[in-house]
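Have a look at the structure below, then the notes.
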Number of protein chains: 2
Amino acid sequence: MTIADARPFAEPLDRLKRAGLRPTRQRLALTRLLFGRGDRHVSAEQLHAEAKAARFVVSLATVYNTLNQFTRAGLLREVVVEAGRSYFDTNTSDHHHVLTVATGSLTDIPVGTLAVSGVPKIPEGLEVERIDVVVRLRPRV
Amino acid sequence: MTIADARPFAEPLDRLKRAGLRPTRQRLALTRLLFGRGDRHVSAEQLHAEAKAARFVVSLATVYNTLNQFTRAGLLREVVVEAGRSYFDTNTSDHHHVLTVATGSLTDIPVGTLAVSGVPKIPEGLEVERIDVVVRLRPRV
DNA sequence: AACAATATTAGAATGGATCTAAAATATCTC
DNA sequence: GAGATATTTTAGATCCATTCTAATATTGTT
Ligand SMILES: [Mn+2]
Ligand SMILES: [Mn+2]
Ligand SMILES: [Zn+2]
Ligand SMILES: [Zn+2]
């Protein structure tokens with residue numbers, strides 16, 4: 001067991017500090033909710049509701065600010081699955097997703113499982129930032 | 001040259017009729033704009049502006065209605081690349097996309113070029129509806 | 001403690017998308 | 001073609017996720 005395992009919040013907070021974000025009460029509470037229980041895919045509204053349920057009142061504006069700052073700092077990844085709603089993913093590794101359209105539930109495909117081949121030549125001056133793969137599921141007919 | 005080549009609007013309109021949609025003036029005009037010049041990826045706002053520029057005034061509500069009806073009828077495919085905006089794709093074949101994030105421009109990857117392997121087992125009662133792949137490009141550092 | 005920098009917040013504003021319900025148009029029946 | 005019926009179009013209202021504003025609060029520094 002490493003020190004990181006024993007203090008699961010230490011690493012994100014270190015990265016926060018390195019990103020120039022002060023460890024405020026709000027950011028600490030949201031960090032605990034986000035990173036306290038394994039990989040998650042949450043919307044801003046969901047996280048806001050969770051904070052309220054945990055008796056930690058934080059404004060929706062701060063939830064959005066924090067999620068966007070964390071994303072810019074590389075602590076989170078934004079996943080867009082349908083127009084008008086985005087999920088924030090605590091798993092920032094290079095992985096892909098399965099979306100059950102009917103329920104809106106999003107799950108990870110383990111890293112290294114799914115592979116993409118035959119990516120076309122990229123125009124001069126540009127490079128691949130990321131490849132997003134979403135496997136969309138529907139009820140079997 | 002086949003008859004379909006000579007009458008490029010005939011096929012979409014036939015499909016429209018088969019889908020139970022009356023060929024109204026608005027739907028005809030939008031069909032011409034959508035399918036008149038090769039594969040396209042347009043937003044509702046864009047199409048609305050194009051109609052206005054072509055001196056065919058149509059309400060934004062009708063543009064949305066039409067795009068959604070066409071999508072349900074299989075004439076168009078909806079592509080979600082960023083939260084808050086969706087594109088309608090006149091290419092309904094099984095293909096993938098390259099997104100230049102900085103400009104928002106979306107281009108097709110030719111069918112058969114890009115391949116996805118290692119899709120995980122799908123839970124009982126569900127099946128793959130579609131696999132969306134978006135190659136996101138950024139300026140080279 | 002004093003000060004400057006940064007963060008939080010309520011509420012307003014934005015913008016894409018959908019809804020409403022009344023007027024217009026298309027199709028059907030005779 | 002006339003009249004009846006079904007569908008479509010439309011302006012404007014409404015929705016809803018997200019961002020913005022600008023006033024207040026907290027944080028880090030000296
Ligand atoms: Mn964002
Ligand atoms: Mn839609
Ligand atoms: Zn994920
Ligand atoms: Zn396409």
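All heavy atoms count here, side chains included; hydrogens, waters and symmetry mates do not. If you're wondering where the values come from, they're calculated on a predicted model, not measured in any experiment. Below, chain A is the first sequence line, B the second, and so on; all start at residue 1.
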Query - Passing option when A:Tyr87 is tested against A:Leu99, A:Val42, A:Val81 for side-chain contact (heavy atoms from CB on, under 4.5 Å) - result: A:Val81

Report task. Give every residue pair that meets the ring-ring contact (aromatic ring centres under 6.0 Å, His included) criterion with at least one member in residues 43-71 of chain B, sequence neighbours excluded. Result -> none

Requested in this report: Quickly work out the A:Leu28 CG to D:dT26 P distance and round it to whole Å.
Outcome: 15 Å

Report summary line: Closest to the side chain of A:Ala61, out of C:dT8, C:dA10, D:dT10, is C:dA10

**Report entry** Residue pairs, two or more places apart or on separate chains, that pass ring-ring contact (aromatic ring centres under 6.0 Å, His included) and touch residues 97-120 of chain B
**Finding:** B:His41-B:His97, B:His95-B:His97

Query - Comparing B:Tyr64 and A:Thr66 on DNA chain C - which has the more 5′ nearest nucleotide - result: A:Thr66

Query raised in the report: Do any pairs count as a salt bridge (charged side-chain N to carboxylate O under 4.0 Å, His left out) and have a residue in residues 43-53 of chain A, sequence neighbours left out, and if so which ones?
Result: A:Arg40-A:Glu50

Requested in this report: Respond yes when some side-chain nitrogen or oxygen of B:Thr62 is under 4.0 Å from OP1 or OP2 of D:dT8, and no when none is.
Outcome: no

Query raised in the report: Expressed in angstrom and rounded to an integer, what is the separation of A:Leu30 atom CG from C:dT9 atom P?
Result: 9 Å

Query raised in the report: Which pairs with one or both residues in residues 103-126 of chain A pass salt bridge (charged side-chain N to carboxylate O under 4.0 Å, His left out), sequence neighbours excluded?
Result: none

Requested in this report: Provide, to the nearest angstrom, the distance between the CG atom belonging to A:Leu21 and the P atom belonging to C:dA5.
Outcome: 18 Å

Report task. Can you tell me the distance, in whole Å, between the CG atom of A:Leu60 and the P atom of C:dA12? Result -> 15 Å

**Report entry** Whole-Å distance separating the CG atom of A:Asn65 from the P atom of D:dT21
**Finding:** 13 Å

Query raised in the report: If the sugar-phosphate is the primed atoms plus P, OP1 and OP2 and the base is the rest, what is the B/S/- string for nucleotides 21-30 of chain C, using protein heavy atoms under 4.0 Å?
Result: ----SBS---

Query raised in the report: Going by number, which of residues 39-49 of chain B have a non-hydrogen atom under 4.0 Å from DNA chain D?
Result: none

Query raised in the report: What's the CZ-P distance between B:Phe70 and D:dT8, to the nearest Å?
Result: 11 Å

Report task. Whole angstrom is fine here: how far is it from CD in A:Gln69 over to P in C:dT6? Result -> 12 Å

Report task. Scan residues 98-141 of chain A for pairs that pass ring-ring contact (aromatic ring centres under 6.0 Å, His included), counting only residues two or more places apart or in two chains. Result -> none

Query raised in the report: Looking at B:Asn68, does any N or O in its side chain come under 4.0 Å of the phosphate oxygens OP1/OP2 on C:dT18?
Result: yes

Query raised in the report: So what is the end-to-end bend of the helix from C:dA1-D:dT30 to C:dC30-D:dG1, with 5 pairs used at each end and the value given to 10 degrees?
Result: 30°

Query raised in the report: Under a 4.5 Å cut-off applied to non-hydrogen side-chain atoms, are A:Leu75 and A:Phe88 in contact?
Result: no

Report summary line: In A:Thr107, A:Thr90, A:Thr92, the residue satisfying side-chain contact (heavy atoms from CB on, under 4.5 Å) with A:Asp39 is A:Thr90

Query raised in the report: Would you say a side-chain N or O of B:Arg27 is under 4.0 Å from OP1 or OP2 of D:dT9?
Result: yes

Query raised in the report: To the nearest angstrom, how far is A:Arg85 atom CZ from C:dG15 atom P?
Result: 21 Å

Report summary line: Sorted by chain and number, sequence neighbours left out, side-chain hydrogen bond (donor to acceptor under 3.5 Å, both in side chains) with A:Ser105 holds for none

Report task. May I have all residue pairs that pass salt bridge (charged side-chain N to carboxylate O under 4.0 Å, His left out) and include part of residues 130-141 of chain B, sequence neighbours excluded? Result -> A:Glu127-B:Arg138, A:Glu129-B:Arg136, B:Arg77-B:Asp132, B:Arg130-B:Asp132

Query raised in the report: What pairs with A:Ser43 under side-chain hydrogen bond (donor to acceptor under 3.5 Å, both in side chains), at least two apart in sequence or on another chain?
Result: none

**Report entry** For A:Thr100, all residues meeting side-chain hydrogen bond (donor to acceptor under 3.5 Å, both in side chains), sequence neighbours excluded
**Finding:** none

